[in-house]
Amino acid sequence: MTDPLLVDLDALAVLRTEIGPGPVQELLEFFVSDARRLVRDFATHTEAGQGKAAAKAVHNLKSSSALLGLPALFAAARAAEARPFEQDPRSAGELRRVLDETIGRLSDLKLIAAP
Amino acid sequence: MHILIVDDHPLFRMGLRAIISASTEAQPAVVECDNFDCAQRLLEKTSFDLILLDLLMPGLATLEEVFNLVAMSGRAAVAVVSGVATPDIAEMVRLSGAAAFIPKTLPPEEIGSALRTVMRGEQVFCGMPGAANAAKGEDAALTPMQRKVMLLLSKGKSNKEIANELQLSANTIKVHVTKILKKFGVSSRAQAIAAIRRAPQPETVDD
């Protein structure tokens, strides 16, 4: 089984058709800070044993990544959401790794400014 | 068109606003709330044509709040746009009288298509098992009077108390309660109350 794509360019193209290139660009730029905040929140809440708040953070991350066509991050967020009460610190580490790779790929593709 | 977006996730509010803007020639007036209390306060003084409502959000503790919001939304169509997309939640949303249930994890073009359907005044329930069933949704949702009865039931009121409050006969309330239980697919009022007092939860299983 292959790993999911970091950036689904076809999905992004559909989103551009749906809402226009300008709004997609705004969403992608906002996504970087928003996703980093959500992963940070997830880590903080997980360490504090606040399962519900941790689940909420990855829940939002899952929705963002679905909207923007970021399959690997969607899969990681979905997996983390499915096990928030285990308070597994590896979930936050895995999410951070996939997010960094996703942001790096978006930057390589010149879809966002270099981080 | 006057639209209210109620969602605590700023990125998704931006996305919905962009989809709406791209879907209509006449630019709609869009107002945003990041919590449920804000939406309730706005609805007390402003009327909208369409309300897009998230489920996992500060101030929205149970599905009963969705029933309440639909009841106070007047002529507005309520579309629940949520990352919690289980069939039983979609079914409760349909029963509440909302016009749509749209999972956030749908591809953006499907979210756009569903929103355009609702903006045309039609119904769409994407999270339901089988095909989205607008016709069934209209028939199977609670009527406005049934919604009022249900909300009073959930406050623990007896048929007699509900009859007094709504100025109807106890027999009429009994008929409404029977129809409500049938639509909920349950055999007791306690089960119906439990169903709408349930809290929408993030997914805990990988479906």
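So you know, we letter chains A, B, ... as the sequences are listed, proteins then strands, and number each from 1.
- Ranked by heavy-atom pairs shorter than 4.5 Å toward chain A, the options B/Gly112, B/Ala22, B/Pro108 are led by B/Pro108.
- Put simply, the side chain of B/Gln27 gets close to the backbone of B/Ser21: a donor and an acceptor are under 3.5 Å apart.
- Going from atom CG of B/Asn68 over to atom CE of B/Met150 covers 11.0 Å, rounded to the nearest 0.5 Å.
- Donor-acceptor pairing under 3.5 Å is lacking for the side chains of B/Glu109 and B/Ser113.
- Only the side chain of B/Asp54 comes within less than 4.5 Å of a heavy atom in chain A; its backbone stays farther off.
- Of the atoms belonging to A/Asn60, heavy atoms from both backbone and side chain fall under 4.5 Å from chain B.
- The most heavy-atom pairs under 4.5 Å with chain B, out of A/Gly22, A/Ser65, A/Pro23, A/Ser63, come from A/Ser63.
- If you tally non-hydrogen atom pairs under 4.5 Å between each of A/Leu27, A/Leu15, A/Val14 and chain B, the highest count goes to A/Leu27.
- If you measure heavy-atom distances from B/Arg116 to chain A, the contacts under 4.5 Å come from the side chain alone.
- For A/Glu29 and A/Gln25, the side-chain atoms include at least one donor-acceptor pair closer than 3.5 Å.
- Side chains of B/Glu161 and B/Ser158: a donor on one and an acceptor on the other come within 3.5 Å.
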